[in-house]
Amino acid sequence: MKVNKPRPVNLDLQTIRFPLTAIASILHRVSGVITFVAVAILLWLLGLSLSSPEGFSSAAGIVDSFFVKLVLWGILTALFYHIVVGIRHLLMDMGYFEEMETGIKSAKVSFVIVGVLSLFAGGLVW
């Protein structure tokens, strides 16, 4: 079956506006990738710290810098985001928050929860 209707094509990425639910879903995937990459970094750091007393001192020195603390805070924030929005996605799979209005509200609530957990993570890191 061939469709003869011309369909509008918008390839200008600056004019495309995603709904909040789509942004939450896309960021969930991004946070999953960040968490996956962070596992390798954190396992390396753990291995270094457990290798010897000198290794522990070296790992403590690495974690003591401002940039590494910022990276650790970002990793924890990405992990919290992935967990919270993952729970939201599981609830949606069970039939909750499927309507547009409740989906938007649940995305907003998820963002607020992640914001609070991110502040908590900042307190842990610093």
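These numbers come from a predicted model, not from an experiment.
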Name each donor-acceptor pair under 3.5 Å that joins a side chain in residues 84-92 to protein atoms two or more places apart or in another chain, with its distance.
residue: Arg88; atom: NE; partner: Ser106; partner atom: OG; Å: 2.8
residue: Arg88; atom: NH2; partner: Gly103; partner atom: O; Å: 3.1

Hey, can you pull the donor-acceptor pairs under 3.5 Å for the side chains in residues 64-72, sequence neighbours left out?
residue: Ser65; atom: OG; partner: Ile62; partner atom: O; Å: 3.4
residue: Ser65; atom: OG; partner: Val68; partner atom: N; Å: 3.3

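- Under the 4.5 Å side-chain heavy-atom criterion for grouping Ile, Leu, Val, Met, Phe, Trp and Tyr, Val39 is not connected to Leu76 through any hydrophobic cluster.
- Each salt bridge (charged side-chain N to carboxylate O under 4.0 Å, His left out) pair with one or both residues in residues 99-110, not counting sequence neighbours, appears once here: Glu101-Lys105.
- The shortest side-chain heavy-atom distance between Trp73 and Ser118 falls under the 4.5 Å cut-off.
- Heavy atoms only, all atoms of each residue included: Ser58 and Leu48 are closest at OG-CD2, 3.9 Å.
- Linking Ile, Leu, Val, Met, Phe, Trp and Tyr residues whenever their side-chain heavy atoms come within less than 4.5 Å leaves Val116 and Val109 in two separate clusters.
- Residues Leu43 and Val63 are members of separate hydrophobic clusters, defined by side-chain heavy-atom contacts under 4.5 angstrom among Ile, Leu, Val, Met, Phe, Trp and Tyr.
- Phe36 and Ile26 are members of different hydrophobic clusters when ILVMFWY side chains are connected at heavy-atom separations under 4.5 Å.
- Considering only heavy atoms from C-beta on, Phe80 stays 4.5 Å or farther from Ile113 through its side chain.
- Criterion: ILVMFWY side-chain heavy atoms under 4.5 Å apart, direct or through other members. Under it, Tyr81 and Ile23 are part of a common hydrophobic cluster.
- Side-chain contact between Pro19 and Ile104 is absent, with no heavy-atom pair separated by less than 4.5 Å.
- Summarising the geometry of Leu42 relative to Ile75, their closest heavy-atom pair is CD1-CG2, 4.1 Å, with the distance given to 0.1 Å.
- Applying the side-chain contact (heavy atoms from CB on, under 4.5 Å) rule to Ala60 yields no partners; only residues at least two apart in sequence or on another chain are considered.
- The minimum heavy-atom distance between Ser31 and Ala78, with the atom names listed, is CB-O, 3.5 Å.
- Considering only residues two or more places apart in sequence or on other chains, His82 meets the ring-ring contact (aromatic ring centres under 6.0 Å, His included) condition with His28.
- Note on residues 32-53: pairs passing side chain to side chain donor-acceptor pair (under 3.5 Å), not counting sequence neighbours, are Ser52-Glu54.
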